[in-house]
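Heads up: the structure comes next, in structure tokens.
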Amino acid sequence: QVQLVESGGGSVQAGGSLRLSCVASGYTSSVGYMGWFRQAPGKEREGVASIYTSSSTFYAGSVKGRFTISQDNAKNTLYLQMNTLTPEDTAMYYCAARGGNSGGYPLNPSAYNLWGQGTQVTVSA
């Protein structure tokens, strides 16, 4: 089993930056894609960014060019660098992972079976 713990959320003004971290523990060698997802109040959970290797990344159109996903395999840590934040980025952000043999579009929340508890990001105008 793999456990995921996010950190790094907080409150920031529009135009600011935050970096989210997600530490994975347990049977991490079984993990394939990892990703960041977010859910705003009253909205469905949506994919933000996902990564398999540094050359295999996916971004939602709304964050492309502003957010960067990366991973440090030595530290079993996934990152999301978020720049030029806007109030529309306000949401609970979740780290997720799936097995190496799992399929499905990498930004589809339904394609992931392992989730962290979430970290809140609030961007004020």
Side-chain angles (χ1 to χ4, degrees):
Q1 188 71 353
V2 176
Q3 293 79 41
L4 305 172
V5 179
E6 305 99 330
S7 63
S11 297
V12 65
Q13 289 190 327
S17 299
L18 285 173
R19 188 176 81 155
L20 306 183
S21 300
C22 172
V23 177
S25 61
Y27 192 45
T28 58
S29 61
S30 66
V31 170
Y33 270 95
M34 294 189 71
W36 289 99
F37 298 79
R38 66 187 182 187
Q39 188 166 17
K43 294 188 177 181
E44 293 187 354
R45 190 170 297 189
E46 63 175 355
V48 175
S50 64
I51 186 169
Y52 184 67
T53 67
S54 60
S55 60
S56 181
T57 58
F58 293 79
Y59 292 94
S62 60
V63 307
K64 194 172 294 185
R66 299 188 299 123
F67 291 10
T68 302
I69 190 170
S70 62
Q71 57 188 14
D72 184 335
N73 291 327
K75 297 181 179 180
N76 289 332
T77 302
L78 180 73
Y79 301 101
L80 184 69
Q81 177 66 43
M82 305 186 294
N83 298 328
T84 320
L85 286 160
T86 73
E88 288 68 37
D89 296 316
T90 295
M92 184 72 78
Y93 283 71
Y94 298 91
C95 171
R98 70 188 199 190
N101 294 324
S102 299
Y105 182 56
L107 288 180
N108 184 348
S110 298
Y112 291 77
N113 61 325
L114 299 167
W115 293 87
Q117 81 289 350
T119 186
Q120 178 68 37
V121 172
T122 302
V123 185
S124 58

Nearest 0.5 Å, please: how far is [atom2] in [Y] from [atom1] in [X]?
X	Y	atom1	atom2	answer
Thr68	Asn83	OG1	CG	6.5 Å
Ser25	Gln3	OG	CD	4.5 Å
Trp36	Cys95	CH2	SG	5.0 Å
Thr84	Asp89	OG1	CG	9.5 Å
Gln117	Met92	CD	CE	8.5 Å

Is the closest side-chain donor-acceptor distance between Thr77 and Asp72 under 3.5 Å? no
Are Tyr93 and Arg38 linked by a side-chain donor-acceptor pair shorter than 3.5 Å?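 Their side chains do contain a donor-acceptor pair, which is all the 3.5 Å distance test asks for.
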Determine whether a donor-acceptor pair (N or O, by modelled atom type, separation under 3.5 Å) exists between the side chain of [X] and the backbone of [Y].
X	Y	answer
Glu88	Val123	no
Thr122	Ser11	no
Tyr33	Tyr105	no
Glu6	Cys22	no

Atom of [X], atom of [Y] and distance for their closest heavy-atom approach:
X	Y	result
Ala40	Ala91	N-CB, 3.8 Å
Ile51	Ser70	CD1-CA, 4.0 Å
Thr90	Gln120	CG2-NE2, 4.1 Å
Ala60	Gly47	CB-O, 3.4 Å
Val48	Val63	O-CG2, 3.5 Å
Met82	Leu20	CE-CG, 3.8 Å

Counting only heavy atoms not in Phe58, do more than 12 fall under 6.0 Å of its CZ?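 Yes, because the 6.0 Å sphere around CZ of Phe58 holds more than 12 heavy atoms from other groups.
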Name all residues meeting the side-chain contact (heavy atoms from CB on, under 4.5 Å) criterion together with Gln39; count only those two or more places apart in sequence or in a different chain, and write none if there are none. Arg45, Tyr94
All side-chain contact (heavy atoms from CB on, under 4.5 Å) counterparts of Ser7, not counting sequence neighbours: Ser21
Go through the steps to decide whether Met34 and Ser50 satisfy the test side-chain contact (heavy atoms from CB on, under 4.5 Å), and finish with yes or no. CA-CA 6 Å; Met34 294 189 71; Ser50 64; over 6 Å; no
Could you note down all residue pairs passing ring-ring contact (aromatic ring centres under 6.0 Å, His included) where residues 64-92 supplies at least one of them, sequence neighbours left out?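 Not a single pair qualifies under ring-ring contact (aromatic ring centres under 6.0 Å, His included).
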Do you reckon Trp115 sits in the same ILVMFWY cluster as Leu78, going by side-chain contacts under 4.5 Å, direct or chained? no
Treating Ile, Leu, Val, Met, Phe, Trp and Tyr as nodes and any side-chain heavy-atom pair under 4.5 angstrom as an edge, say whether Val121 and Phe37 lie in one connected cluster. no
Determine whether Leu107 and Glu46 satisfy the following criterion, side-chain contact (heavy atoms from CB on, under 4.5 Å), listing intermediate values before the conclusion. CA-CA 8 Å; Leu107 288 180; Glu46 63 175 355; over 6 Å; no
If you apply the rule side-chain contact (heavy atoms from CB on, under 4.5 Å), what do you find for Ile69 with Tyr59, and how did you get there? CA-CA 9 Å; Ile69 190 170; Tyr59 292 94; 3.4 Å; yes
Between Val23 and Leu4, does a side-chain contact (heavy atoms from CB on, under 4.5 Å) hold up when you go through it step by step? CA-CA 6 Å; Val23 177; Leu4 305 172; over 6 Å; no
Using a 4.5 Å cut-off on heavy atoms from C-beta on, say whether the side chain of Arg66 contacts that of Thr86.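 Answer yes - side chains close enough.
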